[in-house]
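Remarks on the structure that follows.
Naming convention: chains lettered A, B, ... in sequence-line order (proteins, then strands); numbering from 1 in each chain.
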Amino acid sequence: MRRVLSVYIPDWALRCAKRRQSRPRPRRECERAPGDESAPTLLLRETPRGVFVADCCAIARRVGVRPDIGVEQARAMLSPADIVELPDDPDDDRRRLNALARWSLRYTPLTQTDPPDGLTLDISGCAHLLGGESGLIADLLRRLRQFGIVARVGVGPTPGAAWALARFTRQRAPRLSEEEFEAALNAMPIAALHIDTDTEAALCEVGLDTIAALRAVPRDSLRQRFGAELLWRIDEVFAVHTPRVAALPAPEAPRVEHIFDGPIRHFEIVTHVTRDLAARLLASLGEQRVGVLDLCCRLTRCDDTPLDIALAFSQPTARFDHVWRLLYTRLERAQLGFGVEAITLDARRTQALRDAQPAFWLDVAGAMRERGQQALGEFVDHCRERFGAANVRRFRAIETHVPEHVFQTITAADAHFNTIGEPQGAEPQAGQARPARRRSARKGKTGALASECRAIPNDRPTAMFDPPEPAQVMSVTPDGPPIWLRWRGVECRVRGASRAARVRFPWWNDALKGGGRDYYRVQDQDGRWLWVFHAHRLNTWFVHGEWA
Amino acid sequence: MAGSQAISLAALRQKLARVGQTPVGERSLTRQPVGRRVATDWPPIDALLQGGLEAHAVHEWIRAPAHSPHPAAMPPFAILTHLARQALRQASPIAQAVWVGCRPDPAALALGAENLLDRSLFIAISRRDQRLAALDLAIRCDSIEVIIADGQGFQLLDTQRLNLLARAHGVMLLLARPSRDRHELSAAQTRWQVATEPGETDAAIAQPRWRIELLRSRGVISTEERPNWALELDRETGVVGLHTGLGAALRETTPKPAAAAS
């Protein structure tokens, strides 16, 4: 069964106005702080017909101030010395509501704004993650209180029902059974159907003040007199049909574009325009303290498919010099065809830049850190661009007895590439491999080093061969160490060999042929140390590495 | 109150004066002063080289032909890793090492008390022109302190250019070259030849050993024609130290504990 949660923030516009103002503009010289709840606050809207009240606080409502009355009338009702007047900005209110809706994605992926002062969340299948609907509601209200927002919520099978419960019940978060639900809805005024004011006024005129009274009227009469939408609203509230809650649209990527009057084939013109666009885009991103991670330059050609030049950066950057240097090398290789009609630059993926004050205000260590990370990031970007992301690598040691898997390769295309080198000792997150720990050798009872018996980094050669190279070996006993081997076409006489170190592999790992291996450290006549193993299943010898 | 304000204002004036002396954009915040030496931790070599290897220069390591199974065999990376570790130890904590070559192998870096993996970047390329381009980019990067590269096929002009860049940007470049490159002219500050040397036969105590020979070092006068030393890798700690022979004698004379009764 679907469950929809509606969030109603009664004074949303007023709250946004207070946040916009560092201090309110008082009518008289006496000033009050924005958070001073004892002062009556009016939200004013300027129209061609004059200044009207868009919204007001509870103190003003108590004396009779209502939205859409003139400001002079409102001032007359209130004490002139106490009024706090704030300008209305519906666009900013809508933007803040969108931001709040994006924040509420933590509860469900299906979230939409309910302008001007609410949110609608489809919490079907999500509530159990927070301990049920009551847990989800408690968490939501608590977090909103931390933002300074006092909200009311309602939960129902449809958006309309939840909307009505949030706005027209006495409880802040009513929890109703099915019987109570229908009874509560029937007792609500017709404004709970979320219909337009004209229809509401017309219904009140004929004495239909409550939903129960409305439902008692034959449907055909209502359709004929007030239209089909009224019936649709009634059906929605009582879950006859359940409209879907749409997901929030993804935020648009920052974009700049230039459209030519006609196809342009001159490389210099294309380069000049692209450079200007890049400078504008990066400047606007820099003002918002945002850096680009993925940049796409699209050249719309008149005779061919658009040419996309995609650049990826290892760190968010808004530095024009760095971005332009990489973009220019790609532009030089671009095929313009019979001309370019438009150039578009999209910052497809962005990330907030770290707040970095100018270097001379930081201490030397801090300045070094900032400059060093920036320089290394740009070096990695150049190498990625020139040699490919797969050829720019870091390694992380993994705690495993399988020699081939001790080092995990992380390429520049990997999201974790830049997190290598974080402080040691951090607990690995769920699903991550545990990083290897250094183990010091321990002496066993026999006096031999215990590390000989395990394939761990301390006992590994300094150069490993991937894949292991086959060798021909002679030994005194079938399970004994080699006394002679031929490897890479060269025969070697073994001067000394260690005891066998047996390694067994997981039975599910088909890639590691041979099942188990016996590893030996052998020294040839020239003093070279090799790591040789005998694969049990294949009954073959291989050289896996060298101490070089 | 007034006194503390005076102190903080004085400190601020000093800071601004320091900034005014050198433009921020031209100041290298990670590199050490020119002329610095990287101690190799091998006392006789450091004494001969007047403190160690020059920090801002190219140093070549060539595999000895007699002891390489193949002309393209590279010198031991354990020695280069040891030198890289020495260079990073003396540099700032954020300095990084870059490895340029066709087969990046991190095994040597994970040995020892200091894990260099977190401070190492690998560029896996094999073509000569790509390696030169990567070295050019790496030398110009502020946060890279030492570069270990596959130098096979480099010519005199290449090493001259790399040496000039290393001096200008304050980077130590260690080039590993196969034995077939030993006759190539080079502008490297020092040239070393490395050969494996047989050690003890008892694999339980034996350590990999090499003999290094200083073929050339600018500004160094040695009484021997080609000074050479024996180095040994401690497999437990990853440290490459001088082989003096005393350690081996001690290990051989130390009685082994009796085998436990099973």
Side-chain angles (χ1 to χ4, degrees), chain A residues 358-360 364 367-369 371-373 375-376 378-380 382-383 386-387 390-397 406-407 420-421 436 438 440-441 445-449 451-452 457-464 466 487-488 490 495-499 521-523 525-529 545 547-548, chain B residues 15-16 19 24 29-30 67 69-70 74-78 81 92 94-96 103-111 113 115 117-125 130 133-134 137-138 140-144 196-204 206 208-210 233 235-236 238 256-257 259-260:
Chain A
F360 59 82
V364 177
M368 284 170 62
R369 212 166 22 248
R371 279 277 302 273
Q373 285 173 350
L376 190 67
E378 293 179 2
F379 168 70
V380 169
H382 282 287
C383 288
R386 194 146 186 175
F387 311 121
N391 291 329
V392 181
R393 304 173 188 172
R394 286 191 188 268
F395 292 92
R396 178 186 284 154
V406 169
F407 293 105
I420 302 289
R438 286 182 299 106
S440 55
K445 291 182 181 177
T446 59
L449 296 171
S451 59
E452 286 181 1
N458 279 354
D459 197 40
R460 290 193 58 199
T462 54
M464 293 282 289
D466 182 25
W487 170 57
R488 290 181 176 175
V490 178
R495 293 182 72 227
S498 67
R499 297 183 309 156
R521 280 185 292 110
V522 302
Q523 182 186 182
Q525 73 274 10
D526 297 326
R528 193 174 46 185
W529 283 91
W547 273 268
Chain B
K15 196 179 265 192
L16 287 173
V19 168
V24 172
L29 297 169
T30 57
H67 297 277
H70 195 275
M74 301 299 279
F77 275 96
T81 306
S92 74
I94 62 161
Q96 302 269 322
R103 292 183 65 175
D105 196 333
L109 297 170
L111 296 176
N115 188 349
L117 280 182
D118 296 341
R119 299 173 73 181
S120 296
L121 198 63
F122 295 83
I123 313 295
I125 45 181
Q130 285 185 330
L137 289 171
R140 294 173 194 276
C141 177
D142 256 351
S143 63
I144 293 173
T196 52
E197 190 167 89
E200 290 84 6
T201 54
D202 186 353
R209 195 181 297 167
W210 303 279
L233 168 68
R235 283 184 288 107
E236 303 302 325
K256 295 179 188 172

I need the [X] [atom1] to [Y] [atom2] distance, nearest 0.5 Å.
X        : Y        : atom1 : atom2 : result
A:Arg394 : B:Phe122 : CZ    : CZ    : 9.5 Å
B:Asp142 : B:Gln96  : CG    : CD    : 12.5 Å
B:Leu121 : A:Phe379 : CG    : CZ    : 6.0 Å

Could you tell me which portion of B:Ile125 (side chain, backbone, both or neither) has an atom closer than 4.5 angstrom to a non-hydrogen atom of chain A?
->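 It is the side chain, since no backbone atom gets that close.
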Qualifying residues under side chain to side chain contact (heavy atoms under 4.5 Å, CB included), relative to B:Ala133, sequence neighbours excluded =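 Partners of B:Ala133 under the side chain to side chain contact (heavy atoms under 4.5 Å, CB included) test: A:Arg386, A:Phe387.
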Option in B:Pro198, B:Pro75, B:Pro76 with maximal non-hydrogen atom pairs under 4.5 Å from chain A |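 It is B:Pro198.
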Which portion of A:Gln525 sits near chain B, non-hydrogen atoms under 4.5 angstrom =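 Backbone only.
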